[in-house]
Amino acid sequence: MKFLTLSSVLLGLYSATACSRAGANAQGISLSQLNAAIPSRASDSSCASVSTPSECTPNSRAVVAINNSISKYGVTNTGEIVALISLMAYESADWQYNINHYPGRPGQGTKAMLMYNFIEKYAQQLHPSDSTRVLAAGDASDSVKNSVRELVLNDNDTFGAAFWYLTSQAATYHNNAAKLRAGNADDFKDYVVNGVGAGWDDKRMQIWNTVNSAFH
């Protein structure tokens, strides 16, 4: 009987840990969660007042694309989802931008603001025929880079870029029990600095805190 009781306790602990990493996220996130995480895009009319309305995405559209990405790339751990939403919110100024405007690097874009070398890889994987056609010019001109970028700026691809990057370019952070743990700010900083190779500032931490609170 003692053995059975101990087994039950251990099973319960295992289940709790598994739920903290996957939980309901296997079914995606809700619009109410995203509105709490990114309140500036809760209204469908919120994009009307920004400087780039054609690039801007309200949460009602973003949640669909994010859920499609969760399913497509198998990113169901809470810590990973929070990290990717926080990363994209910072890079795109709460879904406002789809391309790099400051300083305006050719070919850089998506909500994750991937640099062009990753944009090209991403486009070739998702749209091989179109990317081959665009790249057939055989040069690395700014117009070619921007044309390749254009292939992945639809809602599903622009939000999916962060998920693609995690699972294919920084795969050691994906489904790793020691990385991007739920509620762990240090794990998020490690991913930004060492997994993505981006700079760190207080704004990133502020965004992560808001997003993390919305999912816990």
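Just so we're clear, the structure is a prediction, and the values are computed from it rather than from any experiment.
Here the closest non-hydrogen pair linking Ile207 and Ser86 is CG2-O, 3.7 Å. In terms of heavy-atom proximity, Arg204 sits nearest to Ala198 at NH2-CB, 3.6 Å. The two residues Leu114 and Ala161 have their closest heavy-atom pair at CD1-CB, 3.8 Å. Taking every heavy atom of both residues into account, Ala123 and Leu151 meet most closely at CB-CD1, 4.4 Å. Shown here for Val64 and Ser60, the closest heavy-atom pair between the two residues is CG2-O, 3.7 Å. Thr158 approaches Thr110 most closely through the heavy-atom pair OG1-CA, 3.1 Å.
With a 4.5 Å cut-off on side-chain heavy atoms, Thr57 and Arg41 do not count as touching. Counting heavy atoms from C-beta on, the side chains of Ile29 and Ile81 come closer than 4.5 Å.
Note that the NZ atom of Lys121 and the OG atom of Ser168 stand 8.0 Å from one another [nearest 0.5 Å]. For the atom pair OG (Ser92) and CG (Asn98), the distance works out to 8.0 Å, reported to the nearest 0.5 Å. To the nearest 0.5 Å, atoms NE2 (His174) and CG (Asn77) are separated by 7.5 Å.
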Show, in sequence, the C-alpha distance, side-chain angles and deciding distance for Gln33 and Phe215, and conclude whether the side chain to side chain contact (heavy atoms under 4.5 Å, CB included) test is met. CA-CA 6 Å; Gln33 285 176 315; Phe215 287 87; 3.8 Å; yes
Please determine whether side chain to side chain contact (heavy atoms under 4.5 Å, CB included) holds for the pair Val148 and Leu135, giving the CA-CA distance in whole Å, both sets of side-chain angles, and the decisive distance to 0.1 Å. CA-CA 8 Å; Val148 172; Leu135 291 166; 3.8 Å; yes
Step-by-step side chain to side chain contact (heavy atoms under 4.5 Å, CB included) determination, Ile119 to Gln108: CA-CA 7 Å; Ile119 288 290; Gln108 183 181 4; 5.9 Å; no
Apply side chain to side chain contact (heavy atoms under 4.5 Å, CB included) to Glu120 and Gln124, showing your working. CA-CA 6 Å; Glu120 185 174 313; Gln124 287 179 321; 4.0 Å; yes
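For residues 85-141, no residue pair satisfies the disulfide bond (SG atoms under 2.5 Å apart) rule, not counting sequence neighbours. Pairs passing the ring-ring contact (aromatic ring centres under 6.0 Å, His included) check and including a residue from residues 56-96, sequence neighbours excluded, read Trp95-Phe159. Applying the side chain to side chain donor-acceptor pair (under 3.5 Å) test to every pair with at least one member in residues 126-135, sequence neighbours left out, gives these pairs: His127-Asp157. Counting only residues at least two apart or in different chains, disulfide bond (SG atoms under 2.5 Å apart) contacts with residues 49-141 comprise Cys47-Cys56.
For Ser49, there are no side-chain hydrogen bond (donor to acceptor under 3.5 Å, both in side chains) partners two or more places apart in sequence or in a different chain. Annotation: ring pair (Phe, Tyr, Trp, His ring centres under 6.0 Å) contacts of His101 (sequence neighbours excluded): Tyr97. In this structure, the side chain to side chain contact (heavy atoms under 4.5 Å, CB included) partners of Ser40, at least two apart in sequence or on a different chain, are Ile38, Asp94. For the salt bridge (charged side-chain N to carboxylate O under 4.0 Å, His left out) test, residues two or more places apart in sequence or in another chain that qualify with Asp155 are Arg61. For Glu150, the salt bridge (charged side-chain N to carboxylate O under 4.0 Å, His left out) test picks out no residue, with sequence neighbours left out. Checked against side chain to side chain contact (heavy atoms under 4.5 Å, CB included), Asp186 has the following partners two or more places apart in sequence or in another chain: Asn184. Every ring pair (Phe, Tyr, Trp, His ring centres under 6.0 Å) that Tyr122 has, sequence neighbours left out, goes to Trp164. By the ring pair (Phe, Tyr, Trp, His ring centres under 6.0 Å) test, Phe118 is found to be paired with Tyr165, residues two or more places apart in sequence or in another chain being considered.
Between the Asn100 side chain and the Gly109 main chain, no donor and acceptor come within less than 3.5 Å of each other. Between the side chain of Asn176 and the backbone N or O of Thr172, at least one donor-acceptor pair lies under 3.5 Å. Within the 3.5 Å criterion, the main-chain N or O of Gln206 finds a donor-acceptor partner in the side chain of Thr210. A donor-acceptor pair under 3.5 Å links the side-chain atoms of Glu80 to the main chain of Asn175, judged by distance alone.
Cluster annotation: Leu34 and Val50 are assigned to distinct hydrophobic clusters (Ile/Leu/Val/Met/Phe/Trp/Tyr, side-chain heavy-atom contacts under 4.5 Å, transitive). Following chains of ILVMFWY side-chain contacts shorter than 4.5 Å, one cannot reach Tyr102 starting from Ile99, and the two form parts of different hydrophobic clusters. Using a 4.5 Å cut-off between side-chain heavy atoms of Ile, Leu, Val, Met, Phe, Trp and Tyr, with links allowed through other members, Val63 and Ile85 fall into the same hydrophobic cluster. Hydrophobic clustering of Ile, Leu, Val, Met, Phe, Trp and Tyr side chains at less than 4.5 Å, counting indirect connections, unites Met205 with Val192. Met113 and Val193 fall into different hydrophobic clusters, where Ile, Leu, Val, Met, Phe, Trp and Tyr side chains are chained together by heavy-atom contacts under 4.5 Å.
A salt bridge is absent between Glu55 and Lys111: the closest approach of a Lys/Arg side-chain nitrogen to an acidic carboxylate oxygen does not fall below 4.0 angstrom.
Applying the 6.0 Å contact sphere to CG of Asp201 captures more than 12 heavy atoms from other residues, nucleotides or ligands.
Checked options Tyr191, Phe163, Phe188; the residue passing with Tyr173 is Tyr191 (criterion: ring pair (Phe, Tyr, Trp, His ring centres under 6.0 Å)).
A side-chain N or O of Gln96 and one of Ser51 form a donor-acceptor pair less than 3.5 Å apart.
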